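Notes for the one structure printed next.
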Amino acid sequence: MQLSPITLDDVAAHAGVSPKTVSRVLNNEPNVRATTREAVLAASLELGYRPNRAARTLAGSRSFLIGHLHGRADRDYILSANEGIHAACFQHGYVLLPEPLLDPNDGFVVRLQQFLQTAPVDGVILTPPLTDHEPLLAFLKARNIPIVSISPEKVRKNIASVYIDEKEAAKAMTRHLMSLGHEKIGFIAGPDDHGASQLRTEGFLEVITQGGLDVSQCPQDKGNFTLKSGALAAERIFETDPDITAIFAANDAMAAGAMTSAFKRGLSVPDDISIAGFDASPLGEVLWPALTTIQQPVASMAKAATLWLISGALARTEDPLRERFDFDLIVRASTSVPRCKRTDD
């Protein structure tokens with residue numbers, strides 16, 4: 001026996017409101033009491049009601065599609081962003097459409113036109129490095145497509161953003177390593193086109209300089225946020241200065257690569273060298289030793305960004321919406337006092 005699909009009337013009866021009220025809540029219209037909205041959403045979730053997107057699209061000008069345009073970012077970062085976007089979409093009857101633009105300089109206009117013709121999205125979420133890609137931003141703005149950027153390097157007119165203080169987070173990690181007694185700290189930066197990576201590099205250099213360390217004794221190299229690139233960058237750092245006692249990588253994947261490079265050289269982490277990362281990816285938790293890192297709430301940031309698009313908040317303000325989220329320094333077993341400064345050795 002096939003069960004009948006749950007209808008809007010079923011949700012209304014379960015929540016004790018009218019079908020019109022249910023429709024207003026699911027369409028995220030204003031002037032609905034918070035308690036009523038919560039009751040309708042709870043009833044919808046409990047009954048497993050899914051709005052008919054085709055019917056809703058015909059009834060209005062929205063497509064109920066949210067696009068996530070992303071480039072060559074860390075895979076765990078992209079998955080976390082998609083998790084937050086999907087949570088907001090599911091809550092309000094929207095659909096998430098992730099679309100990779102791995103090389104936005106190579107015919108991205110044709111690629112995007114095809115995407116938008118197939119999926120006329122109501123708005124897009126941009127994640128780094130696309131958040132600072134000027135031709136892409138101009139393309140979307142020319143077509144009046146609402147945009148929310150996650151962790152852009154620059155604040156732009158009419159583009160909302162959610163972010164953490166990337167520079168301050170990198171400064172916190174660098175201070176942590178210096179507080180342990182490290183004076184020769186290597187740094188692995190991310191790619192030049194990644195705004196957040198640039199801010200992390202600035203934070204590292206600022207603390208090193210203000211702390212009185214010799215920058216020439218703190219070698220820097222660069223990767224592309226992959227494990228392999230982190231391993232190669234660490235190899236070059238070790239060749240430049242075999243006596244460094246710590247490496248700070250601009251993301252966890254590169255930190256894991258640096259750890260691999262250290263092991264290949266017969267070094268112990270953290271006894272011979274401390275290694276720290278950024279992003280608090282699942283990889284950092286399963287490494288041995290577990291990775292000291294910076295945690296940013298990517299899923300929560302992406303959810304907040306999506307709710308702005310769904311609510312239409314971007315159209316109700318002239319100033320760009322911005323929301324800063326907190327970061328956390330997570331100290332694990334991969335960092336410790338340098339061997340040369342321990343009193344128990």
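Since we're looking at a predicted model, the values are computed, not measured.
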ask   = If we only count heavy atoms from C-beta on, is the S261 to M259 side-chain gap below 4.5 Å?
value = no

ask   = So, do L267 and F238 sit near enough that their side-chain heavy atoms are less than 4.5 Å apart?
value = yes

T260 side chain vs A256 backbone, donor-acceptor pair below 3.5 Å = yes

ask   = Under a single-linkage definition using a 4.5 Å side-chain heavy-atom cutoff for Ile, Leu, Val, Met, Phe, Trp and Tyr, are L136 and V121 assigned to the same hydrophobic cluster?
value = yes

request  = Indicate the atoms forming the closest heavy-atom contact of I150 with T131, along with that distance.
outcome  = O-CG2, 3.2 Å

ask   = How many angstroms lie between atom CG of D243 and atom CD of Q217, to the nearest 0.5 angstrom?
value = 9.0 Å

Non-hydrogen atoms of F204 and A170 that approach each other most closely = N-CB, 4.2 Å

query = Taking all atoms of both residues into account, what is the closest heavy-atom pair of V269 and F263, and its distance?
reply = CG2-CE2, 3.8 Å

task = Return yes when atom CZ of R265 has more than 12 non-hydrogen atoms of other residues, nucleotides or ligands closer than 6.0 Å, and no otherwise.
result = yes

query = Is there a chain of hydrophobic side chains (I, L, V, M, F, W, Y, each step under 4.5 Å between heavy atoms) that links I188 to L287?
reply = yes

request  = Report yes or no: does H194 contribute a side-chain atom to a donor-acceptor pair with the main-chain N or O of S197 at less than 3.5 Å?
outcome  = yes

key: Electrostatic pair R175-E168, nearest N-O below 4.0 angstrom   = yes

task = Output yes when R111 and E99 qualify as a salt bridge under the 4.0 Å nitrogen-oxygen rule, no when they do not.
result = yes

Joint cluster assignment, V124 & V95, ILVMFWY side-chain distance < 4.5 Å = yes

ask   = Can we say E206 and K167 salt-bridge, meaning some charged N sits less than 4.0 Å from an Asp/Glu carboxylate O?
value = yes

Minimum side-chain heavy-atom gap K141-I159 below 4.5 Å = yes

inquiry  = For a 4.5 angstrom cut-off between non-hydrogen side-chain atoms, does L116 reach I145?
reply    = yes

ask   = Between Q91 and I310, is any pair of side-chain heavy atoms under 4.5 Å apart?
value = no

key: Aromatic ring pairing F278/F248, orientation class (parallel under 30°, perpendicular over 60°, tilted between)   = parallel

remark   = Distance col, row H92:NE2 vs I66:CD1, nearest 0.5 angstrom, shows 10.5 Å

message = For a quick test of reading the model, state the closest non-hydrogen atom pair linking T306 to C89 and the distance between them.
response = CG2-SG, 4.0 Å

Nearest non-hydrogen partners of N224 and P191, listed with the distance = CA-CD, 3.9 Å

query = Between T292 and R332, is there a donor-acceptor pair closer than 3.5 Å when you use the side chain of the first and the backbone of the second?
reply = yes

request  = Check step by step if side-chain hydrogen bond (donor to acceptor under 3.5 Å, both in side chains) holds for D9 and T7.
outcome  = CA-CA 5 Å; D9 289 339; T7 67; 4.9 Å; no

inquiry  = Using modelled atom types and a 3.5 Å cut-off, is there a donor and acceptor pairing between side-chain atoms of S311 and backbone atoms of L307?
reply    = yes

key: Donor-acceptor under 3.5 Å (S274 side chain, A246 main chain)   = no

ask   = Going through the checks in order, is the side chain to side chain contact (heavy atoms under 4.5 Å, CB included) test met by I294 and I330?
value = CA-CA 6 Å; I294 294 290; I330 301 179; over 6 Å; no

ask   = Looking only at atom types and distance, does a side-chain atom of T21 sit under 3.5 Å from a main-chain N or O of V17, one as donor and one as acceptor?
value = no

ask   = Between K222 and D192, is there a side-chain N and carboxylate O pair less than 4.0 Å apart?
value = yes

inquiry  = Between T226 and S229 (side chain of the first, backbone of the second, donor and acceptor by atom type, cut-off under 3.5 Å), is there such a pair?
reply    = yes

inquiry  = side chain to side chain contact (heavy atoms under 4.5 Å, CB included) for F187 and L205? Distances and angles first, verdict last.
reply    = CA-CA 9 Å; F187 182 74; L205 290 174; over 6 Å; no

inquiry  = Whether R236 and D241 form a salt bridge (side-chain N of Lys/Arg under 4.0 Å from carboxylate O of Asp/Glu) is what I want to check.
reply    = no

query = How far apart are the C-alpha atoms of S161 and R322, what are their side-chain angles, what is the distance that settles it, and do they pass the side-chain hydrogen bond (donor to acceptor under 3.5 Å, both in side chains) test?
reply = CA-CA 5 Å; S161 59; R322 283 175 57 79; 2.8 Å; yes

task = May I have the step-by-step check of side-chain hydrogen bond (donor to acceptor under 3.5 Å, both in side chains) for T127 and H70, ending in yes or no?
result = CA-CA 5 Å; T127 44; H70 62 84; 5.6 Å; no

key: Geometric cation-pi criterion, R143 with F139: 6.0 Å, 45°   = yes

query = Any chance CG of D326 has more than 12 other-residue heavy atoms, nucleotides or ligands included, within less than 6.0 Å?
reply = no

request  = Determine, stepwise, if the pair E134 / R156 fulfils salt bridge (Lys or Arg N to Asp or Glu O under 4.0 Å).
outcome  = CA-CA 10 Å; E134 298 294 349; R156 292 174 174 81; 2.6 Å; yes

Trace of the side-chain hydrogen bond (donor to acceptor under 3.5 Å, both in side chains) decision for T335 with H176 = CA-CA 9 Å; T335 55; H176 165 67; 3.1 Å; yes

inquiry  = Please say yes or no: joined through hydrophobic side-chain contacts below 4.5 Å, possibly via intermediate residues, are L65 and I147 part of one cluster?
reply    = yes

message = For the NE2 atom on H86, are there more than 12 heavy atoms of other groups (residues, nucleotides or ligands in this structure) within a distance under 6.0 Å?
response = no

Side-chain heavy atoms of Q296 within contact of E166, under 4.5 Å = yes

ask   = Between CG of L126 and CG of L140, what distance do you get to the nearest 0.5 Å?
value = 6.0 Å

request  = For D279 and D252, indicate whether the former's side chain and the latter's backbone hold a donor-acceptor pair under 3.5 Å.
outcome  = no

note = Rounding to 0.5 Å, atoms OG (S281) and CG (L291) come to a distance of 7.5 Å

message = Is any side-chain heavy atom of D10 closer than 4.5 Å to one of H14?
response = no

inquiry  = Any non-hydrogen side-chain atom of P146 less than 4.5 Å from a side-chain atom of W308?
reply    = no

ask   = Which value, rounded to the nearest 0.5 Å, describes the distance between L96 atom CG and I85 atom CD1?
value = 5.5 Å

note = Scanning both residues in full, the closest heavy-atom pair of G223 with M254 reads CA-SD, 3.6 Å

request  = Report the distance from atom CG of D132 to atom CD of Q198, rounding to the nearest 0.5 Å.
outcome  = 10.0 Å

task = Please check if the side chain of D122 supplies one atom and the backbone of F64 the other of a donor-acceptor pair under 3.5 Å.
result = yes

inquiry  = Grouping I, L, V, M, F, W and Y whenever their side-chain heavy atoms are under 4.5 Å apart, do L199 and M301 come out in a common cluster?
reply    = no

task = List the steps and the verdict of side chain to side chain contact (heavy atoms under 4.5 Å, CB included) for S151 and F325.
result = CA-CA 10 Å; S151 299; F325 285 73; over 6 Å; no

query = Do T245 and I185 pass the side chain to side chain contact (heavy atoms under 4.5 Å, CB included) test, and can you show the C-alpha distance, the side-chain angles, and the key distance before you say yes or no?
reply = CA-CA 6 Å; T245 62; I185 306 170; 5.5 Å; no

query = Is there a donor-acceptor pair closer than 3.5 Å between any side-chain N or O of S334 and the backbone N or O of I275?
reply = yes

